[in-house]
Amino acid sequence: MPEKKEHVVKHGDVTQRVGVETIRARGVDVEKLIKILIANAAAEFASTYYYYTILRMHLAGHEDYKEICEDARLEDRAHWELIVPRIYELGGELPNDLKEFHDQAGCAAAKLPDPPTVVNILTLLLESERCAIRSWSAVCDMTFGKDPRTYDLASRILNEEVEHEAWFIELLAKERDGKSIPSGHFRRGEPGHAPYSKNRGFYNP
Ligand SMILES: [Fe+2]
Ligand SMILES: [Fe+2]
């Protein structure tokens, strides 16, 4: 009979998690992962979702751009909702201070550009999506083959960030350069549909 292996987490112990120790044993730096997930959550909530609200307002008169900005905005809210529970499952927590949280964001705040022209707003939206792609790709790289749950969540978010980049390339190329660079996108079924990342209607009404 094979020798019974000693488990790291003792019987009935609620101070440790098998769900954490198994991924640590596979080589995940859990503390670093938690830090990055908090930075990404802050980027979704504070750098993009919040500021995209303002950006969308200032696309007044461009109803098509407004609608696409709204999809990106609501999907970033879905990303925030999707990833926050994972931070806690890993033993982390959000700072109990919104300003502190904001300041840890992994992407620059998408503040209304001056002057707030359509081209400036679309450029800002495009570069914000690019930051998101880089940030979620880093999480995918850290977790691939080691932490299937975080990888699954991050890759679902990444799917949508890649779509968002393509949307804003299409809009900016047309608006600024008069060039047609199709994203392949028509429209979401409903605003903020989030086909990959929506957890459940309960979290994202
Ligand atoms: Fe996002
Ligand atoms: Fe996005």
Side-chain angles (χ1 to χ4, degrees), residues 33-59 62 64-87 94 98 101-102 104-113 118 120-143 149-173 175 181-200 203-205:
L33 178 61
I34 290 169
K35 223 174 151 201
I36 291 176
L37 292 181
I38 292 172
N40 285 13
E44 295 293 346
F45 180 82
S47 311
T48 55
Y49 172 63
Y50 177 81
Y51 286 105
Y52 278 23
T53 310
I54 299 168
L55 298 178
R56 193 206 64 201
M57 302 293 175
H58 284 265
L59 289 168
H62 299 267
D64 42 359
Y65 297 175
K66 265 167 71 177
E67 181 172 327
I68 290 167
C69 183
E70 179 67 351
D71 280 330
R73 184 183 84 94
L74 292 177
E75 290 183 4
D76 281 350
R77 189 182 71 183
H79 299 166
W80 146 261
E81 294 287 357
L82 190 70
I83 208 62
V84 164
R86 187 65 185 141
I87 293 168
L94 297 178
L98 185 55
F101 179 62
H102 167 279
Q104 291 177 27
C107 295
K111 291 188 178 180
L112 187 67
V118 176
N120 285 348
I121 291 174
L122 292 175
T123 306
L124 180 62
L125 288 164
L126 173 60
E127 292 305 325
S128 299
E129 300 302 341
R130 288 175 165 167
C131 182
I133 291 173
R134 294 184 189 108
S135 304
W136 289 112
S137 296
V139 175
C140 287
D141 289 346
M142 273 185 82
T143 55
R149 177 152 165 76
T150 306
Y151 179 82
D152 175 61
L153 300 175
S155 64
R156 282 157 62 186
I157 294 171
L158 181 61
N159 264 290
E160 288 170 358
E161 305 298 10
V162 170
E163 287 186 298
H164 296 173
E165 182 191 37
W167 300 349
F168 293 121
I169 284 176
E170 176 179 310
L171 298 184
L172 180 61
E175 181 69 32
I181 306 180
S183 64
H185 170 68
F186 176 53
R187 71 196 294 249
R188 295 297 200 216
E190 60 189 44
H193 178 57
Y196 294 93
S197 72
K198 205 159 190 173
N199 219 340
R200 290 191 53 168
Y203 290 112
N204 299 282

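When a ligand or atom number is given, it counts from 1 through the structure's own listing order.
- Contact check on Glu67 versus Arg188 returns no salt bridge, with no Lys/Arg side-chain nitrogen under 4.0 Å from an Asp/Glu carboxylate oxygen.
- Remark: Tyr151 engages Phe144 in a ring-ring contact (aromatic ring centres under 6.0 Å, His included) (not counting sequence neighbours).
- Within the 4.5 Å cutoff, the side chain of Ile83 has no heavy atoms near those of the Asn40 side chain.
- Using a 4.0 Å cut-off between charged side-chain N and carboxylate O, Arg77 and Glu44 make no salt bridge.
- In this pair, Phe168 and Tyr52 present their aromatic rings perpendicular. The plane angle is above 60°, beyond the 30 to 60° band.
- Note on the Fe ion (ligand 2): protein N/O/S atoms under 2.8 Å are Glu129 OE1, Glu161 OE1, His164 ND1.
- Between Trp167 and His164, the two ring planes are tilted [angle within 30° to 60°].
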